[in-house]
Every structure is written in C-alpha cells, then in structure tokens.
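Please read the structure below before turning to the comments.
Quick note on labels: first sequence line is chain A, next is B, and so on, each numbered from 1.
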Number of protein chains: 2
Amino acid sequence: MDKKDYQIIRELQKDGRQTNQELSERVGLSPSPCLRRVKNLEKAGVIRGYSAVVDPGECGLPTTAFVRITLDRHTEEVAQGFEEAVRGIDEILDCYVMSGGSDYLLRVLVADLKGYERFVRTRLHRIKGVAAIDSGFAYGTVKQSTVFPLSLGMDS
Amino acid sequence: MDKKDYQIIRELQKDGRQTNQELSERVGLSPSPCLRRVKNLEKAGVIRGYSAVVDPGECGLPTTAFVRITLDRHTEEVAQGFEEAVRGIDEILDCYVMSGGSDYLLRVLVADLKGYERFVRTRLHRIKGVAAIDSGFAYGTVKQSTVFPLSLGMDS
DNA sequence: GTTGAAATCCCAGGTCC
DNA sequence: GGACCTGGGATTTCAAC
C-alpha cells in the first residue's frame, strides 16, 4: 500500500467505472501495472466491490432514519441474535456497533413516516432483546461523499 | 421508472462494474434497451455515479465517528456557513440535516482517537456557529449495504 | 417510437521483456 | 514497471415491429 495504491483507491472511489486506461493516466502508470495493482487491491479485500451511487429520493425512499438501539442484556446470545436479524432486514442499510450510550446505530431507508412505523413494528420489534429504540430523521443531505480522506502526501 | 428500472438499479448497486451484457440478462432485456435505460437513469440523476466500495480499516481509517451538531443560532447565514464548511472538510463523509434534538449528523472517518481530536480541534471548532458537539464512535460494523430496499413486487 | 441485430472501435487481461 | 497481443464488450448504425 504505497502512494500509488492510495491514488488508485481515490480515483476508483470518485469513478468506479472509469477504464483502466484512464485510471493509469491519472495515477501516472502504464495500463498493465495499474491493472495489476487494482486486482491486488481487490484480492486483498481493500476494494470490496463496485456499486452504483443512487439517489434515494428518486427511488421513492426519501426518508433516512438513524436508529439507536439498546439491548436489554449484553450477552453473546442476544447480540448475535440481533446482528443476525439485522443482516436479514433490507431496510437497514448500515449497522454499527457503538460505544457509549446505545449499543448499535442503524441507518434505515424508508419511503415515509408510515413506512418507518411499519418497519419498526414488523421488523425491529420482532427482534428479541431490543430494549430501547431512539429514532432521528434526516430532512436532507448536505454532503454525501464516497471518497476517503486518504493522506496522499507520503508514500509506503 | 418501472419494475425493470428498479431491477437495473438493484443490480448496479450490487455490482456497478458488471457489463451491460450481464446486466441485460439479469433483468431480462436485450443489451440495447438495457443500455438505454441505464443511460436514461444516469441523465435523470437517479444514478449519480459509480464508486469503488473500500474497506476503511485497510486504508488506515478504522475509526468511524458519528457527530451530532447543534448550531447556536438558526439563521440562514449560520446554516449556510456551516454547510459550506462541511462540504470542504474531507474527513466528513456524510452530513445530514436532522430533525429533533440536534441540527446535523456527521459521519466522520479518522485513523484513531488522536486523529478525531485533531479533526475536532482543527476543523469543527473553526466553523462559526457550532454550539454543541456530541460524538459517538463505532467499534465495528455489523452490516454495510449498498442495495436499497426497493419494492420490486409492482411496476410503474 | 421503441426494440432487436450487426459491425466497428476500443478496452481488459494475460504473457513476456 | 512497461509493451505486445488476443478475446470480448461497448457504441453506433441500421433494420423491424
């Protein structure tokens, strides 16, 4: 992982569909070694995949909810059951294990408040061990970046 | 935006680099109309772009912080200044306008707690109008999905 | 006007230097 | 890391419904 790798990552985060030729020019390599680096980054799991960046509102899902979850007991059994359930719920885009007050933070995408209510009733409340749910809604988005703050100043 | 469009979006969220040929087979179209639909979705802004999905930890940024921001005054001037500043700070990946207790929610990516402290000191505190900062740290990730919960059961 | 098909151009991926 | 080569996909054009 030297400076060139970070440059490649940055460029592919900005445009994951650019051709290897374009990419190689931008990072100052010839196509072959550039492609080799990309493949290595993919195999190493640094690049996990590629995805289309889609506007949720245009797809009928304009409402983002952030949900803080507290479990009633902190046993392995409860935690694993919760996490397994979370992975199976499509409305939950992200789930983080948090420090501090609550145990988990969920990012949930729904059509509207009614959809969120339905999500809570038919999904969250059916999970065993959920003690508290604290919801916050996003009215809008100021920024949504796919590019990491990688320090490109130094190499190695 | 019919059922086929949603299928295309779903497939391109799962793999944004698949060939138009693969995509057309998966959604049950021939390549030409499939490509036209993709281009239309791009022009309409439904598909905003394509990005590599990268593991933050592998890039030396294993720490995700969620920061709740409250502004001291709720004037247009303060809000616009804050939002403009946010857009220029690379460590802030996402910024949502929130309802309820706090005004904004930031998703911040840093190397460690020291990096976060530096971020707060040299970035957040230099923004005018920030009254309160409430930070929460993510220890780990249970789920991180790029696929929206699109209802593919109906068309139109 | 929208869909399927063919031809050309250009890129990806492998191999060797 | 760079250069060549080949198979395959993207893109444009054209025909058909």
Side-chain angles (χ1 to χ4, degrees), chain A residues 1-55 57-60 146-148 150-156, chain B residues 1-56 58-61 144 146-148 150-156:
Chain A
M1 291 284 283
D2 59 0
K3 187 180 173 182
K4 285 265 186 281
D5 283 325
Y6 283 122
Q7 283 181 329
I8 287 172
I9 290 169
R10 185 194 198 80
E11 290 302 326
L12 286 178
Q13 282 184 326
K14 287 200 277 191
D15 180 7
R17 263 197 137 168
Q18 64 185 297
T19 65
N20 181 58
Q21 190 166 284
E22 290 170 333
L23 179 62
S24 64
E25 288 170 8
R26 282 182 188 149
V27 301
L29 250 55
S30 52
S32 287
C34 183
L35 183 63
R36 215 174 314 153
R37 279 171 179 269
V38 171
K39 292 299 168 192
N40 286 338
L41 289 170
E42 290 172 358
K43 266 187 287 189
V46 181
I47 296 175
R48 286 208 293 252
Y50 301 88
S51 180
V53 181
V54 179
D55 189 310
E58 294 286 335
C59 296
T146 59
V147 184
F148 289 172
L150 299 171
S151 50
L152 300 179
M154 65 195 76
D155 45 0
S156 151
Chain B
M1 289 284 283
D2 59 2
K3 187 181 172 183
K4 287 266 183 279
D5 283 325
Y6 282 122
Q7 283 181 330
I8 288 173
I9 290 169
R10 185 193 198 79
E11 290 302 325
L12 286 178
Q13 281 183 327
K14 287 201 275 189
D15 180 6
R17 264 197 135 167
Q18 64 186 296
T19 65
N20 181 58
Q21 191 166 283
E22 290 170 334
L23 178 62
S24 64
E25 289 170 9
R26 284 185 188 147
V27 302
L29 251 56
S30 51
S32 285
C34 183
L35 183 62
R36 202 166 330 131
R37 279 170 181 270
V38 172
K39 294 297 170 193
N40 285 339
L41 289 170
E42 291 171 358
K43 266 186 286 189
V46 180
I47 296 176
R48 285 207 294 251
Y50 300 88
S51 179
V53 180
V54 179
D55 189 311
E58 295 286 334
C59 296
L61 298 167
Q144 203 140 335
T146 58
V147 184
F148 288 173
L150 299 171
S151 51
L152 301 179
M154 66 194 77
D155 44 2
S156 148

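- For B:E42, the side chain to side chain donor-acceptor pair (under 3.5 Å) criterion is met by B:Y50, not counting sequence neighbours.
- If you take CG of B:N40 and P of D:dT11, they are 14 Å apart, rounded to a whole angstrom.
- What you find for B:C59 and A:L150 is that their closest heavy atoms are CB-CD2, 3.7 Å.
- With rounding to the nearest 0.5 angstrom, the OG1 atom of B:T146 is 9.5 Å from the CZ atom of A:R48.
- For B:F148 against A:V54, the heavy-atom pair with the smallest separation is CZ-O, 3.5 Å.
- To the nearest 0.5 Å, atoms CD (A:Q7) and CG (A:L12) are separated by 12.0 Å.
- Atom CD of B:E58 and atom CE of A:M1 lie 7.0 Å apart (nearest 0.5 Å).
- Here the side chains of B:K43 and B:N40 are in contact, with some heavy-atom distance below 4.5 Å.
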Table of protein N/O atoms under 3.5 Å from nucleotides 15-17 of chain D N/O atoms:
none

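- Within residues 20-28 of chain B, the residues that place at least one heavy atom under 4.0 Å from DNA chain D are, in residue-number order, B:N20, B:Q21.
- In this structure, the CG atom of A:L12 is 11 Å from the P atom of C:dA12, given to the nearest Å.
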Taking only nitrogen or oxygen atoms into account, show me every contact under 3.5 Å that the protein makes with nucleotides 3-7 of chain C, one pair per line with its distance.
residue, atom, partner, partner atom, Å
C:dT3, OP2, B:R36, NH1, 3.2
C:dG4, OP2, B:S30, OG, 2.3
C:dG4, O5', B:S30, OG, 3.3
C:dA5, N6, B:S32, OG, 3.0

Show which side-chain atoms of residues 23-34 of chain A pair as donor or acceptor with protein atoms under 3.5 Å away, not counting sequence neighbours.
residue, atom, partner, partner atom, Å
A:S24, OG, A:N20, O, 3.2
A:S24, OG, A:Q21, O, 2.6
A:R26, NH1, A:Q18, OE1, 2.6

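- For the side chain to side chain donor-acceptor pair (under 3.5 Å) test, no residue two or more places apart in sequence or in another chain qualifies with A:R36.
- Between the C1' atom of C:dC11 and the CZ atom of B:R17 lies a distance of 11 Å, rounded to the nearest Å.
- Of the possible polar contacts, one joining the A:D2 side chain to the A:D5 backbone as a donor-acceptor pair under 3.5 Å is found.
- For the segment residues 41-53 of chain A, the set of residues with a heavy atom within less than 4.0 Å of an atom of DNA chain D is empty.
- Every residue meeting the side-chain contact (heavy atoms from CB on, under 4.5 Å) condition with B:V147, not counting sequence neighbours, appears here in chain and number order: B:R10, B:Q13, B:K14, B:S145.
- In this entry the distance linking CG of A:L35 with P of C:dA12 reads 7 Å, nearest Å.
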